[in-house]
Amino acid sequence: MQDKIKLVSEVLSQARFPVIMTGAGISAESGIPTFRGKDGLWKNYSAMELATPEAFNKNPEMVWEWYNYRKNIILNCKPNAGHYAITNLKKFIPHLVIITQNVDNLHRKAGLDFFYEMHGNIFEMRCLQCNSISINEETSKESLTCSKCHSKRVRPNVVWFSEPLPASIMPHILTAVSKADFFLSVGTSGSVYPAAGFAMQVRAQGGQVAIVNPEITEESSSRDIRIETTSGKALSTLAQLMEG
Ligand code: BV8
């Protein structure tokens, strides 16, 4: 394991266009259930029932109940060593691009200042009347009111299945991935697109891919550097090596 993490630190220090992408696995050690693991969120609920525009149009109360349930879990969780290690890696390597699929705000809480939240943020609310976005850490029904136009027609500002990714950041993400000569995937099952396609794209353009995940996932290939341990352990060791 150590020799693989050392290899990743060497590749990372020589990479001209490194990218790190995180998934729900990096927050597992903070106590946030992943989507597809043994106690995964989707296991008890179907994503297609809850994380889609159709579900929200059909039953907004039920969808809000699920998001408030998840917000409550997340509000009681803190960033873990993996999040802090990524914040430090970004400090050591300013040109490092960080993308997260997570909506749990833990990278921000760990002091990471510049990164792409490709699936949005569970603590943001978007008004369907005036389109304004506000921060809402409340989980009561009464808080579901637009702070600007006072409409009650508000939704979680996250990307649901069949919805396009945020137009404001997607071009930057696609440019970073298309230039990437090193792609470190952390804590993702590689089952949701377009994020799941990034590792494949970097391989196809001759870049090196590394995967941190205790389980081998669909997205991994024999050419990858596979670090089969938890993100907290792997990333802390990597950050120490990069700090020198
Ligand atoms: C779109 C926000 C088009 C909401 C989420 C091909 C190309 C493009 C699209 C598609 C395609 N094929 C299919 C599609 C459609 C669809 C899709 O991908 N479907 C899947 C199910 C096949 N994609 C979409 O709909 C996307 N939109 O493509 O739009 C378009 C374009 C123009 C105009 C109109 C439309 C939108 C997808 C976004 C969906 N939103 N989240 C919310 O959170 O409520 S996805 C959801 O899954 C989360 O964001 C989550 O992050 C994400 C991915 O899951 P993972 O992060 O990987 O988590 P998971 O639990 O699966 O895995 C955790 C891993 O961690 C495991 O492997 C485990 O082993 C590991 N782990 C556990 N503990 C640890 C650990 N690792 C390290 N350390 C540990 N301690």
Side-chain angles (χ1 to χ4, degrees), residues 1 5 20-56 62-71 73-74 77 79-83 85-86 99-107 116-126 155-167 169-171 173-174 177 184-201 210-220 226-238:
M1 192 66 64
I5 300 173
I20 296 182
M21 180 176 79
T22 64
I26 195 170
S27 297
E29 292 162 81
S30 294
I32 299 178
T34 59
F35 288 83
R36 296 167 185 81
K38 52 187 183 329
D39 54 355
L41 272 174
W42 299 131
K43 197 164 133 285
N44 310 322
Y45 307 87
S46 149
M48 291 308 147
E49 275 163 30
L50 293 162
T52 64
E54 294 74 23
F56 185 75
M62 180 181 73
V63 172
W64 264 118
E65 207 177 303
W66 186 53
Y67 278 90
N68 283 333
Y69 157 72
R70 288 171 62 195
K71 281 167 74 171
I73 294 175
I74 296 168
C77 296
N80 64 62
H83 295 104
I86 286 200
I99 303 167
T100 188
Q101 297 175 85
N102 301 341
V103 297
D104 60 29
N105 210 38
L106 290 189
H107 280 299
Y116 298 116
E117 274 175 323
M118 64 185 292
H119 291 159
N121 185 312
I122 201 166
F123 295 110
E124 289 180 356
M125 210 162 63
R126 188 167 79 231
R155 60 163 281 178
N157 193 34
V158 297
V159 180
W160 283 328
F161 288 100
S162 80
E163 290 189 321
L165 276 71
I169 59 171
M170 248 345 244
I173 290 175
L174 295 177
V177 171
L184 176 60
S185 162
V186 179
T188 181
S189 61
S191 45
V192 173
Y193 290 85
F198 294 165
M200 276 179 250
Q201 181 180 342
I211 295 189
V212 173
N213 193 324
E215 291 164 21
I216 291 295
T217 57
E218 293 158 36
E219 70 161 347
S220 68
R226 295 184 199 174
I227 301 173
E228 292 169 48
T229 186
T230 59
S231 46
K233 236 187 261 155
L235 295 175
S236 312
T237 308
L238 179 61

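These figures come from a predicted structure and were not determined experimentally. Counting convention: from 1, in listed order, for ligands and their atoms alike.
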Taking side chain as C-beta onward, heavy atoms only, is [X] less than 4.5 Å from [Y]?
X	Y	answer
I20	L235	no
M1	T237	no
V103	E124	no
S185	F198	no
F161	L50	no
C77	D104	no
V192	H119	yes
N105	I122	no

Heavy-atom distance to [atom]: which of [options] wins?
atom	options	result
atom 26 (C) of ligand 1	F161, Y193, W66	Y193
atom 21 (C) of ligand 1	P33, S191, S231	S191
atom 31 (C) of ligand 1	G25, G82, P164	P164
atom 58 (O) of ligand 1	A234, A24, G187, S27	A24

Hey, which atoms in ligand 1 end up nearer than 4.0 Å to a heavy atom of [X]?
X	result
H119	2 (C), 5 (C), 38 (C), 41 (N), 45 (S), 49 (O)
A28	73 (N)
W160	36 (C)
R70	42 (C), 43 (O), 44 (O)
Y67	4 (C), 42 (C), 44 (O)
T34	60 (O)
S162	24 (C), 25 (O), 34 (C), 35 (C)
G23	56 (O)

Does ligand 1 come near enough to [X] that some N or O of the ligand is less than 3.5 Å from an N or O of the residue?
X	answer
I26	no
P214	no
N213	yes
T230	no

Does M118 have a heavy atom less than 4.0 Å from any atom of ligand 1?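 In this structure, M118 fails to qualify as a contact of ligand 1 - no heavy atom is under 4.0 Å.
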
Side chain of N80, backbone of I26: donor and acceptor closer than 3.5 Å?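 A pair under 3.5 Å: yes.
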
Under 30°, 30 to 60°, or over 60°: which ring-plane class applies to Y67 and W160, parallel, tilted or perpendicular?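 The rings of Y67 and W160 sit tilted, inter-plane angle from 30° to 60°.
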
Between Q101 and ligand 1, which part of the residue brings a heavy atom under 4.0 Å of the ligand: side chain, backbone, both or neither?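 The answer is both, backbone and side chain.
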
side-chain hydrogen bond (donor to acceptor under 3.5 Å, both in side chains), paired with T22, selected from H107, Q101, H83: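 Option passing the side-chain hydrogen bond (donor to acceptor under 3.5 Å, both in side chains) with T22: H107.
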
